[in-house]
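Everything on this sheet refers to the single structure shown next.
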Amino acid sequence: MQGPKYLSELPKGRCFSPITVRVIRKWTHHDSSGQGVPLYVGMVLADAQGHAMYAEIADDLIGEKACLFDVGKVYVLKKFVVNNAKKSYRAVDRNLLINISQHTTVQVVPNPPSSIPEYIYRITPLPAIKPVRFVYNYTDTIGYLIKYKAAHTFVPKNKEKAKTLREIYIKDLSDNVMQVTLWGDQATGFNISDIYDREAGNLIVCLIVGCYPREDLMNNNKPCLSGSPACSCYLNPNIPEEPGPFKCAVTVVCITNTSSWWYMACRPCKKKADQQIDGSYSCPKCGGYNTAPRYLLHFIGKDDTSEASFLAYDDEAYQMIQKECEAVVNPLHKREGLPQQLQSIMNKTYILSVDLTDESCQTTKIREYQVKAVLERPSKRPSTHRTTAAYHDPQGPGSSTALIATPPSHSEVLQIEYPAQSTPVPASQTDHDAPKDDRSRSTTKHSVARRRLLREGSSPIKHTAGGDDEPENTQPSDTDTEDTTPLEPCPKKAKSDTQTDDATASQE
Ligand SMILES: [Zn+2]
């Protein structure tokens, strides 16, 4: 009889069959807001299916068992107990946990399979982070570093021991800023000197897991994050590419390239053909003369919340327009304005699968989405009015027809489903491949991962050194309060003599 092999298969009760897991995180939870005796050692374990589970070593076994586990290493566990998970403060959103028992055997795996993930997370986008009184799950989030302060220590009121903390500030590309307070080893261990090139001003992506959402009492009770004992802050995490662009309902507002919505392309290579002196076209790649016009449509689209720029290449533009480009272009009959076939998509609502263009990921000056697929077209019914659809007329037919209800958006980009914000399933475990488009796919895995997780790609850092180590003066980075000093490590300053009320971001 074969027992469970993976975390997802574990039933409640004693488990004797071996499971292979990586220790993703490990922390000690102390009594009395981190000041008292160790209560337990918590761990996040992950298996080759990409599933994760919380595991706990009770206080009486810490001395014997905790030293058997190192973060990052892979182990074969046997003889442990599966119980109901705690209701609150969960590092992993599962209903079960693993209790390491006195009899649990722990065997390190020398050459572990690379399919076991190194990070476990479930991203909450910055605008969705709200302070709550009862924390069911710890919050994980991601952003790029814009500012950090020096680590400093203080003695909380009515406590004996000093605490060390450090505030860092992350931002998404919708300019939402979040203050994150790191504590203890996370505060002192935070160091960007190995990964930050001041000359290049490179982007530092922070994946921060295991936080409490709090109110920042020093800053109009704005949401902030405070690291829990289970917190980890990963800088430039090497996260595998997650498949798939995202889906949104887009109403076409206007076509922006009214005179250049098509180009002459080489039929075999689909490359842009160059016009010759005699007016004919030839392909710069293959030298051929077999050319045909193709769509290259730039348009403004909107949903319930905002507008954005879109780009549709020929295949997708054809799906929207429902006419071959060749049939719409009449080279002998160039006229002002858009042909009727293109006007007919105005004010129509499409369900599109979109992704940021590569250019949008390289600079914040451009933010354009590429249509990757047309998932749904508007129904044929309103098409009887299409000849009267006025150019860029918001009152035109179909403007209020949303095909799917979109939830309210907090970001300035179009409301988008967040389909894959959790730890991706390892590649070896997936049986589907995301359709690749060589025109739009980034060549580096890293930037793709950043794009997926930030939802909007990369951007230059606004450099702000953390010269100020007073928590009271915390100013979450508005342009007027920032200087342009590049990020650099700040000298540690001890403030052990200060009595500070630690209500802003207490550890428990
Ligand atoms: Zn060619």
Side-chain angles (χ1 to χ4, degrees), residues 3-31 33-34 38-62 65-66 68-69 71 74-106 116-124 128-130 132-141 207-214 225-232 421-426 507-508:
K5 248 178 99 185
Y6 296 107
L7 293 171
S8 60
E9 302 166 349
L10 291 178
K12 261 174 78 176
R14 291 177 187 282
C15 181
F16 295 94
S17 49
I19 57 157
T20 303
V21 289
R22 187 191 300 276
V23 178
I24 308 294
R25 282 185 271 157
K26 178 186 167 190
W27 64 94
T28 306
H29 198 105
H30 292 267
D31 194 13
S33 296
L39 292 179
Y40 57 84
V41 167
M43 292 187 287
V44 171
L45 308 178
D47 66 13
Q49 285 186 325
H51 291 123
M53 208 151 156
Y54 171 72
E56 196 166 290
I57 303 171
D59 58 346
D60 57 328
L61 291 173
I62 290 177
K65 296 292 183 187
L68 302 177
F69 297 92
V71 172
V74 174
Y75 301 92
V76 175
L77 298 191
K78 272 190 233 178
K79 299 181 195 167
F80 49 88
V81 185
V82 179
N83 280 317
N84 285 327
K86 293 182 272 194
K87 287 221 158 41
S88 56
Y89 300 105
R90 292 181 183 183
V92 180
D93 190 16
R94 284 286 303 281
N95 293 323
L96 298 173
L97 64 73
I98 288 175
N99 278 122
I100 304 297
S101 82
Q102 206 183 341
H103 309 289
T104 304
T105 64
V106 184
I116 304 182
E118 289 175 54
Y119 311 98
I120 292 294
Y121 51 88
R122 198 179 63 164
I123 301 297
T124 303
I129 294 171
K130 300 279 181 272
V132 286
R133 284 186 60 192
F134 194 77
V135 176
Y136 289 96
N137 294 312
Y138 289 129
T139 301
D140 306 339
T141 196
L207 170 63
I208 303 167
V209 296
C211 295
Y212 307 109
R214 297 276 193 220
L225 289 175
S226 180
S228 77
C231 174
S232 277
Q421 294 286 294
S422 307
T423 313
V425 175
Q507 198 164 357
E508 277 303 297

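Position 1 is the first residue of the sequence, and the numbers go up from there. It should be emphasised that the depicted structure is a prediction, and the values quoted were computed from it without experimental measurement.
Listed for the K26 side chain is a donor-acceptor partner under 3.5 Å among the backbone atoms of A66. Of the possible polar contacts, one joining the D140 side chain to the G210 backbone as a donor-acceptor pair under 3.5 Å is found. A donor-acceptor pair under 3.5 Å links the side-chain atoms of K65 to the main chain of Q102, judged by distance alone. Between the T141 side chain and the T124 main chain, a donor and an acceptor come within less than 3.5 Å of each other. Judged by distance alone, with hydrogens and angles left aside, the side-chain atoms of D47 form a donor-acceptor pair with the main-chain N or O of L7 at under 3.5 Å. Of the possible donor and acceptor atoms, none in the side chain of R122 sits under 3.5 Å from a partner among the backbone N and O of D93.
Summarising the geometry, atom CG belonging to L45 is positioned 11.0 Å from atom CZ belonging to R25; distances are rounded to the nearest 0.5 Å. The line from CZ of R22 to OH of Y119 is 10.0 Å long, rounded to the nearest 0.5 Å. Atoms NZ and CG, from K87 and N95 in turn, are 9.0 Å apart once rounded to the nearest 0.5 Å. Interatomic distance, CG of L10 versus CD1 of I98, reported as 5.5 Å (0.5 Å rounding). Summarising the geometry, atom CD1 belonging to I208 is positioned 10.5 Å from atom OG belonging to S232; distances are rounded to the nearest 0.5 Å. Of the inter-residue distances, the one linking L68 atom CG with Y75 atom OH reads 8.0 Å to the nearest 0.5 angstrom.
Between M43 and I57, the closest side-chain pair of non-hydrogen atoms falls below 4.5 Å. Using a 4.5 Å cut-off on side-chain heavy atoms (C-beta onward), Y121 and V44 make no contact. Counting heavy atoms from C-beta outward, P11 and P4 have side chains that approach closer than 4.5 Å. Within the 4.5 Å cutoff, no side-chain heavy atoms of V21 are placed close to those of I116. By the 4.5 Å heavy-atom criterion applied to side chains, K5 and I19 are not counted as neighbours. In this structure, L96 and N83 have side chains that are not in contact, with every pair of non-hydrogen atoms separated by 4.5 Å or more. Residues L207 and V209 have side chains in contact (heavy-atom distance under 4.5 Å, counting atoms from C-beta outward).
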Q: Using the side chain to side chain contact (heavy atoms under 4.5 Å, CB included) rule, take Y138 and S228 through it: C-alpha gap first, then chi angles, then the decisive distance, then the call.
A: CA-CA 8 Å; Y138 289 129; S228 77; 3.4 Å; yes

**Q.** Steps toward side chain to side chain contact (heavy atoms under 4.5 Å, CB included) verdict (K86, E56)
**A.** CA-CA 11 Å; K86 293 182 272 194; E56 196 166 290; 3.2 Å; yes

Q | Evaluation steps, side chain to side chain contact (heavy atoms under 4.5 Å, CB included), between Q49 and S8 | A | CA-CA 9 Å; Q49 285 186 325; S8 60; 3.1 Å; yes

**Q.** Residues L77, F69; criterion side chain to side chain contact (heavy atoms under 4.5 Å, CB included); working and verdict
**A.** CA-CA 11 Å; L77 298 191; F69 297 92; 3.6 Å; yes

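Looking at every heavy atom in both residues, K79 comes nearest to T104 through O-OG1, 2.7 Å. What you find for Y6 and A48 is that their closest heavy atoms are CE2-CB, 4.2 Å. Of all the heavy atoms in T28 and V41, the pair that sits closest is OG1-CG2, 3.8 Å. Heavy atoms only, all atoms of each residue included: V81 and S101 are closest at CG2-CB, 4.4 Å. The two residues F80 and S17 have their closest heavy-atom pair at CE2-O, 4.3 Å. Of all the heavy atoms in V132 and P213, the pair that sits closest is CG2-CG, 3.8 Å.
Using cut-offs of 30° and 60° on the angle between ring planes, the pair Y89 and Y212 is perpendicular.
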